[in-house]
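Written out below as structure tokens is the structure these notes cover.
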Amino acid sequence: MKYIDLQQSRDARDIEIIIKKFKAGTLQDGDPVSVKGAIHHIKNMGEFAFVNVRSPRRVFQCVWEAGKSSFDIHDIQPEDWVLLDGRIVADARSPLGFDIRMETITKVGGAVGSLPLEISNDRKIKNLQLDTMLNNRVVALRNPRIRAIMRVADGVMYGFRSFLREEGFVEFVPPKLVMGGAEGGADMFMVKYFDQRAYLNQSPQQYKQAMVGVFEKVFTVGPVFRGENSNTPRHAAEFWMIEPEIAFADLADEMDLSEAMVKSVIAYVLETCPDEMAFFNQFFDKTLLERLNALINSDFARVSYTEAVEILSKHNDSFQYKVEWGTDLQTEHERFLTEQIYKKPVFVTDYPKAIKSFYMRVNGDGKTVAAADMLVPGVGELCGGSQREERLDVLTARMDELGLSRADYEWYLELRRFGTVEHAGFGLGFERLIMYLTGIPNIRDVLPFPRTAGGF
Ligand code: 4AD
Ligand code: MG
């Protein structure tokens, strides 16, 4: 193999290995090194030039020097992909403690013509219209800010999976093509399925409830589709949902589980993406790290819907949508609770049954359901969870009330007919967690290839 030698070093030409060796003292000033990457930025000073090279994890500094480098600085341009050979130049002012003086360079794949965006300039990228960023996505994705977001996304993915595995959860894969809606059926994308009509699923909810009967603790993560015409900064038409479900559990267990999972993911991301998190702290929200670190060791607030409505209705003057018992909470209300009242994540519990899904367990009062939404500052709703209605008669009565066809949900009813157990679970919006962790305010910015009501 040309670039990767799995047998020997696994990481031929990897800057990370060079950094480790430099720290360990096995590579020193003047030693030869070989590295690969993409030219990120060139600052030409005449007799010498600073050439920033991008690797998967970072941008590092190389130096071109007339007479010492064997190529012309004008022969390279940003986005050329290169193999370069040079020498370590120890320099305490450099973030890594050294630069690499370039001697020879091999262009593997050169950029042709000028780039549609100057991706190395973060200030310019920050001020660019989102549309410009989306229309030039292939290049824009290479910008350090978007790369940092994608790293955090990767950290979230590993973080929650390792947490759930450690807790004994089994992962499974549900279908995306379905005949009916998990959340009641509104706003679904229709597709042709042979000579029938099918839909793209809104949530794997019912499938994971079936799997709970197999393994007791299960989870799935994958794309879900919602055609809500909500062109807001926190709604996507295709997004990922992390969905755990647990048997022998009530609503309090569900909240404990989601709170522990979110804290564990935060801790994991802080530990594994320190450079990226420092970047967001510096450029977007200077208190981000302090707040996230504090959160790991404190409890989220818990308040009933009825109490939340009492608190919020006192501030109705400042809301576009007035709050009264029975209305669904809007983002402005959710953010008010988390940002003005509690100043941390909040669970709102026991919503009126009329504004929640048919499968949620009806409480003793007959008016509310055992549901809990986790709301977080800056974003609003992050998780929707509930204890599920396990009483067949209550469930069918509720479906009748809502006009849901029993035939369409026959297999779901079987779940309760043939042996069942109290269980609960939640769905967490993957992209919204990334928004929360990075301080990035628009969901289109945290998706590599977003699909929203605003278009592709
Ligand atoms: O609250 P939701 O609709 O809950 C469910 O789908 C349940 N089946 C979950 C469960 O109990 N198993 O969606 C869950 C989460 C929301 O809290 C929100 O974070 C996210 O998914 N979400 C969206 N994220 C981006 N764009 C959208 N259009 C979203 N709709 C929901
Ligand atoms: Mg919800």
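First listed ligand is number 1; within each ligand, the first listed atom is number 1.
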Quiz item: Looking only at distance, does S203 have an N or O less than 3.5 Å from an N or O of ligand 1?
Solution: yes

Quiz item: Just going by heavy-atom distances, which of A453, A371, G429 is nearest to atom 20 (C) of ligand 1?
Solution: G429

Practice problem: Report yes or no: is the cationic atom of K356 (NZ for Lys, CZ for Arg) under 6.0 Å from the centre of the six-membered ring of Y351, at an angle within 45° of the ring normal? | Solution: yes

Quiz item: Touching ligand 1 at all, Y359? Heavy atoms, strictly under 4.0 Å?
Solution: yes

Quiz item: Any N or O on Q202 sitting closer than 3.5 Å to an N or O of ligand 1?
Solution: no

Quiz item: Should the heavy atoms of other residues, nucleotides or ligands under 6.0 Å from NZ of K367 be counted, would the total exceed 12?
Solution: no

Quiz item: Evaluating non-hydrogen atoms only, which member of G427, G425, P204 is closest to atom 15 (C) of ligand 1?
Solution: G427

Quiz item: With only distance considered, is A236 within less than 3.5 Å of ligand 1 through an N or O on each side?
Solution: yes

Self-check item: N, O or S from D373 under 2.8 Å to the Mg ion (ligand 2)
Solution: no

Practice problem: Evaluate the side-chain proximity of K36 to S55: yes if any heavy-atom separation is below 4.5 Å, no if none is. | Solution: no

Quiz item: So, is the end of the R398 side chain (NZ or CZ) under 6.0 Å from the ring centre of F358 and within 45° of the ring's axis?
Solution: no

Quiz item: Is the CZ atom of R197 crowded by more than 12 outside heavy atoms at less than 6.0 Å?
Solution: no

Practice problem: Examine the proximity of ligand 1 to E228 and report which part, side chain or backbone, both or neither, has a heavy atom under 4.0 Å away. | Solution: side chain

Self-check item: Distance-only donor-acceptor check, side chains S318 and N316, under 3.5 Å
Solution: no

